[in-house]
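The next block holds one structure in the form of structure tokens; read it before the comments.
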Number of protein chains: 2
Amino acid sequence: MTFAVTVDLVMLTIRDGALCVLLVRRAIPPHLGAPALPGGFVLPDEDLAAAAERELAEETGMTATGHLEQLASYGTPGRDPRGRVVTVAYLALLPDAPVPHAGGDAAGADWMPVRALPPLAFDHDRILADGIERARAKLEYTPLAAAFCPPQFTIGELRQVYEAVWDTRLDPRNFHRKATSTDGFVAPTGLSTTGERGRPAQLFSRGTATVLHPPLLRPSAGR
Amino acid sequence: MTFAVTVDLVMLTIRDGALCVLLVRRAIPPHLGAPALPGGFVLPDEDLAAAAERELAEETGMTATGHLEQLASYGTPGRDPRGRVVTVAYLALLPDAPVPHAGGDAAGADWMPVRALPPLAFDHDRILADGIERARAKLEYTPLAAAFCPPQFTIGELRQVYEAVWDTRLDPRNFHRKATSTDGFVAPTGLSTTGERGRPAQLFSRGTATVLHPPLLRPSAGR
DNA sequence: ACAAAAGTGTTCCTCATACACCCATGT
DNA sequence: ACATGGGTGTATGAGGAACACTTTTGT
């Protein structure tokens, strides 16, 4: 028994303070015209992660920025009417900016806010929900929020990432203390912003830590 | 391009105070005679989770006990010399007791302590390492430790699960308070043990919580 | 002068840790 | 009597939440 294997990408970014996902409009059946996660078939001699990176590059033109990790696999019989297809979903967290390229089996691509989403093709609603939940959880105990930021960022920008992903408000004062005092979360660059409203802010780059000690917990999570 | 799809199981349990994994000895090539994770091909009309449950039942005869979740997928070209094979790994946490059944493409099955393991077939070392790390992490913020216990258990048994999985010693007094005071972790049954050494212990069953608030953190994890 | 955002100090409370101490059983 | 494990009480310290307050810019 053989299967087709695809990779699908949950690509998340922050635009205008809202968590957004990249969706394509399908240019071929099945689900022609429906919004879907970008993805495609794994090539004969291609590693799964390499396939995900290739799809990411094809859609955004970015390489080696942000964060990419395997999310989960979905292979329920009948999830694709063309036959038995197992998809390995990947989660990508990206800084804002990339303009999506259309092409391939997609008629167009665009960033959509994750609140008020249309129904998606295949079982992509489920995959997207899993990806969002993974991102929300990972922000608690890893420094991955910085993957949504450009190489240099302010603590305020970092806080806005948390606020967008978690859909909550955080106290700017406590967040500042927490982010700057947690070892390896952010690294000071010595530079500052200018030309913004309010007092100039120090610019930071991503720290070296892979986990946060202690974690930054979601407000409602605790009790 | 088509692939073969398999499921492999990282089945963990506690035996004699040590974290153990179920390994089979391969009865067919490739890697004939080598220890490996139990697993097999997904059937034409079978869901991935159903395939994992089937393999679990074939190996242990257990159904609907413990815990089963998807771990990750592995599909590097060349990981199986027979061709392009993608495996979806599942993690199972089981109470002690089940005697493994041999059969199929396995010459024998046995529980092996995870310290001092032999090299495994395919990329199963990596899969097993990922499974163990997942289990260690999940004990921190979920009540899954109880999945290693029989339906009724004492707080001391639950503590020994943590000690075995994390390979640390925990303070029995603080652990007791923590486990019993964390909402939904354990539910009192009103029963007690008898015939053991020391004072009889209250018996508990699994609580209803899916996450622990606050989490139970590994001693070395913090700093 | 005022608004706006950055950043610091302080108080209160929750919870983790360490450990003294008591309880109830088997030997 | 004593060992063994179950279970409670309490002091100390680290860290989170709330918020008063100061700093530094643009308008």
Side-chain angles (χ1 to χ4, degrees), chain A residues 17 139-141 149 152-164 166 168-204 209 211-223, chain B residues 17 139-141 149 152-164 166 168-204 209 211-223:
Chain A
L139 257 55
E140 290 193 315
Y141 55 95
C149 296
Q152 313 259 308
F153 53 90
T154 67
I155 300 298
E157 287 168 355
L158 190 64
R159 175 172 47 81
Q160 284 166 33
V161 169
Y162 277 90
E163 293 181 335
W166 287 349
T168 49
R169 308 297 291 176
L170 298 175
D171 185 298
R173 292 88 56 118
N174 291 335
F175 183 87
H176 183 280
R177 188 193 348 262
K178 189 93 214 249
T180 52
S181 69
T182 299
D183 229 50
F185 192 4
V186 296
T189 62
L191 306 174
S192 292
T193 57
T194 176
E196 310 284 322
R197 271 185 310 189
R199 170 173 169 179
Q202 294 173 256
L203 284 167
F204 294 83
V211 286
L212 297 183
H213 289 302
L216 242 156
L217 297 176
R218 279 176 270 191
S220 79
R223 192 129 328 161
Chain B
L139 288 208
E140 291 194 316
Y141 56 95
C149 296
Q152 314 259 309
F153 53 90
T154 68
I155 299 298
E157 287 168 354
L158 191 63
R159 176 172 47 80
Q160 284 166 34
V161 168
Y162 277 90
E163 293 181 335
W166 287 348
T168 49
R169 309 296 292 175
L170 299 175
D171 184 299
R173 293 91 60 135
N174 291 335
F175 183 86
H176 184 279
R177 189 193 347 262
K178 189 96 214 248
T180 52
S181 70
T182 299
D183 230 50
F185 192 4
V186 296
T189 62
L191 306 173
S192 291
T193 56
T194 176
E196 311 283 323
R197 273 185 311 190
R199 171 174 168 179
Q202 294 173 256
L203 284 167
F204 294 82
V211 286
L212 298 183
H213 289 301
L216 243 156
L217 297 176
R218 279 176 271 192
S220 79
R223 194 129 327 159

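These numbers come from the heavy atoms of this one structure, side chains and all, not from hydrogens, waters or symmetry mates. Note on naming: letters A, B, ... go to the chains in the order of the sequence lines (proteins, then strands), and numbering restarts at 1 for each one.
- No donor-acceptor pair closer than 3.5 Å links the side chain of A/T182 to the backbone N or O of A/A179.
- The CD atom of B/Q202 sits 6.0 Å away from atom NE2 of B/H176, with the distance rounded to the nearest 0.5 Å.
- For A/E157 and B/P215, each mapped to the nucleotide of DNA chain C holding its nearest heavy atom, the one lying further toward the 5' end belongs to A/E157.
- Side-chain atoms of A/R199 and base atoms of C/dA5 include no donor and acceptor less than 3.5 Å apart.
- B/L191 has its CG atom 16 Å from the C1' atom of D/dG6, to the nearest Å.
- Between B/L158 atom CG and D/dG5 atom C1' the separation is 16 Å, expressed in whole Å.
- With rounding to whole Å, A/R159 atom CZ is found 11 Å from C/dG7 atom P.
- Counting non-hydrogen atoms under 4.0 angstrom, A/R173 reaches a base of the nucleic acid.
- Residue A/Q202 places none of its side-chain N or O atoms closer than 4.0 Å to OP1 or OP2 of C/dA6.
- The shortest heavy-atom contact between A/F175 and A/L170 is CD1-CD1, 4.0 Å.
- A heavy-atom distance below 4.5 Å is not found between the side chains of B/R169 and B/P219.
- A sub-4.0 Å separation between OP1 or OP2 of C/dA6 and a side-chain N or O of A/H176 is absent.
- Put simply, B/K178 has a side-chain N or O that comes within less than 4.0 Å of OP1 or OP2 on C/dA16.
- Across the protein-nucleic acid pair, B/N174 atom CG and C/dA18 atom C1' stand 7 Å apart, rounded to whole Å.
- Contact annotation: the side chain of B/F204 never approaches that of B/L158 to less than 4.5 Å [non-hydrogen atoms, C-beta and beyond].
- Atom C1' of nucleotide D/dA20 and atom CG of A/D171 are separated by 12 Å, given to the nearest angstrom.
- A straight line from CG of A/D183 to P of D/dG15 spans 11 Å, rounded to a whole angstrom.
- Atom-to-atom, CZ of A/R197 to P of D/dT27 comes out at 9 Å; the value is rounded to the nearest Å.
- With rounding to whole Å, A/L217 atom CG is found 8 Å from D/dG16 atom P.
- Each of D/dT24, C/dC15, C/dG7 was ranked by its minimum atom distance to the side chain of A/P200; first place goes to D/dT24.
- The side chain of A/R177 lies closest to D/dC19, out of D/dG9, C/dA24, D/dC19.
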